[in-house]
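No hydrogens, no waters, no symmetry mates; every other heavy atom, side chains included, goes into these values. Chain letters run A, B, ... following the sequence lines, proteins first and then strands; every chain starts at 1.
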Amino acid sequence: MKLQLKYFASVREALGTSGETIDSNASTIAALKVELLARGEPYTATLAHPSVRVALNHAMSHDEAALKDGDEVAFFPPVTGG
Amino acid sequence: MIHIAVQTVDIDLNAEYAALRSAGHNIGGIATFLGVMRDINDVAGDTAQVNTLTLEHYEGMTQASLQAIAVQAKSRFDAHAVRVVHRVGTFAPSDAIVWVGVAASHRQAAFDGCAFVMDYLKTQAPFWKKENTPLGERWVDARETDTSAAQRWTS
């Protein structure tokens, strides 16, 4: 299935891209992370960091969330708005 | 009334107040908060002067997030109106960054609703701040105090 990935703030800077469309078999966000970590650095250091947050289709999410074709997944640091 | 805006232009405080005051009957109290850019970052003893601040956001999710927070606040505190305006872009010290206004029948709901929106916004809304200082650029770190502030509303 196709997933739209987006990266923000320091995550974007570390990965050198604001996003990408990928083909994936990941059934959950945790599985998606495993796929991305397999790319090695800088993905390993960036996405495996305990503080990284994830959103699924514009809502804050978590590793156990299930994925489906066409989903948008975003990775970013803790938010600092306001 | 629930009104959310994410914009680059300055916040029209008079217009926002006028909107709250005309939000309906039985409004006895209006509480508002204005967040402005500070020129000093004093986190963890670091007193580096801040020249400008850049606010990045997740287009699409920011609006959804602020809307969800406002809906929660209106329902939980039985407010008549909740308005939130958050700017993005590059800011200079004392520039307005965020404004929250809550109108309710009585003052406690207005005060609490306003604080609730800010506490949730600080921990849930997808914005990120980057400071430009004499020592270089750096991303602002999230604060433990913000997480604690948001948690006080869950019990």
- request: Output, in order, the C-alpha distance, side-chain angles, deciding distance and verdict of side chain to side chain contact (heavy atoms under 4.5 Å, CB included) for A:Val73 and A:Gln4.
  value: CA-CA 6 Å; A:Val73 183; A:Gln4 177 69 45; over 6 Å; no
message: Starting from B:Leu55, can I reach B:Ile69 by hopping between I/L/V/M/F/W/Y residues whose side chains sit under 4.5 Å apart?
response: yes
message: Grouping I, L, V, M, F, W and Y whenever their side-chain heavy atoms are under 4.5 Å apart, do B:Leu53 and B:Phe33 come out in a common cluster?
response: yes
task: Answer with side chain, backbone, both or neither: which region of B:Glu137 has an atom nearer than 4.5 Å to a non-hydrogen atom of chain A?
output: neither
task: Tabulate, in ascending numerical order, the residues of residues 12-38 of chain A having at least one heavy atom closer than 4.5 Å to a heavy atom of chain B, or enter 'none'.
output: A:Arg12, A:Glu13
field: Neighbour count >12 (heavy atoms, 6.0 Å) for atom CD, B:Glu144
entry: no
task: Mark yes or no for whether A:Thr44, through its side chain, and A:Gly40, through its backbone, hold a donor-acceptor pair below 3.5 Å.
output: yes
Same apolar cluster: A:Leu47 and A:Val54, side chain cutoff 4.5 Å: yes
query: Would you say the side-chain atoms of B:Ser22 pair up with the backbone N or O of B:Ala18, donor to acceptor, closer than 3.5 Å?
result: yes
message: Tell me every residue that passes salt bridge (Lys or Arg N to Asp or Glu O under 4.0 Å) with A:Lys6, counting only those two or more places apart in sequence or in another chain.
response: A:Glu72
query: Do B:Val85 and B:Leu66 sit in the same hydrophobic cluster, where Ile, Leu, Val, Met, Phe, Trp and Tyr count as joined when their side-chain heavy atoms come under 4.5 Å apart?
result: no
message: If the contact rule is any heavy atom under 4.5 Å from chain A, which residues of residues 101-130 of chain B qualify, in numerical order?
response: B:Met118, B:Leu121, B:Lys122, B:Thr123, B:Gln124, B:Ala125, B:Pro126, B:Phe127, B:Trp128, B:Lys129, B:Lys130
task: Spell out the residues in residues 1-13 of chain B that have some non-hydrogen atom less than 4.5 Å away from a non-hydrogen atom of chain A, in order of number; otherwise answer 'none'.
output: none
task: Any chance you could lay out the ring pair (Phe, Tyr, Trp, His ring centres under 6.0 Å) test for B:Tyr58 and A:His58, step after step, and finish with the verdict?
output: CA-CA 9 Å; B:Tyr58 183 170; A:His58 292 182; 5.2 Å; yes
task: Would you please say whether a donor-acceptor pair under 3.5 Å links the side chains of A:Asp71 and A:Asn57?
output: yes
- prompt: Is there a path from B:Leu34 to B:Phe91 through hydrophobic residues (I, L, V, M, F, W, Y) whose side chains come within less than 4.5 Å of each other?
  reply: no
message: Is it the case that the side chain of B:Arg76 and the backbone of B:Lys74 share a donor-acceptor pair, with hydrogens and angles ignored and the cut-off at 3.5 Å?
response: no
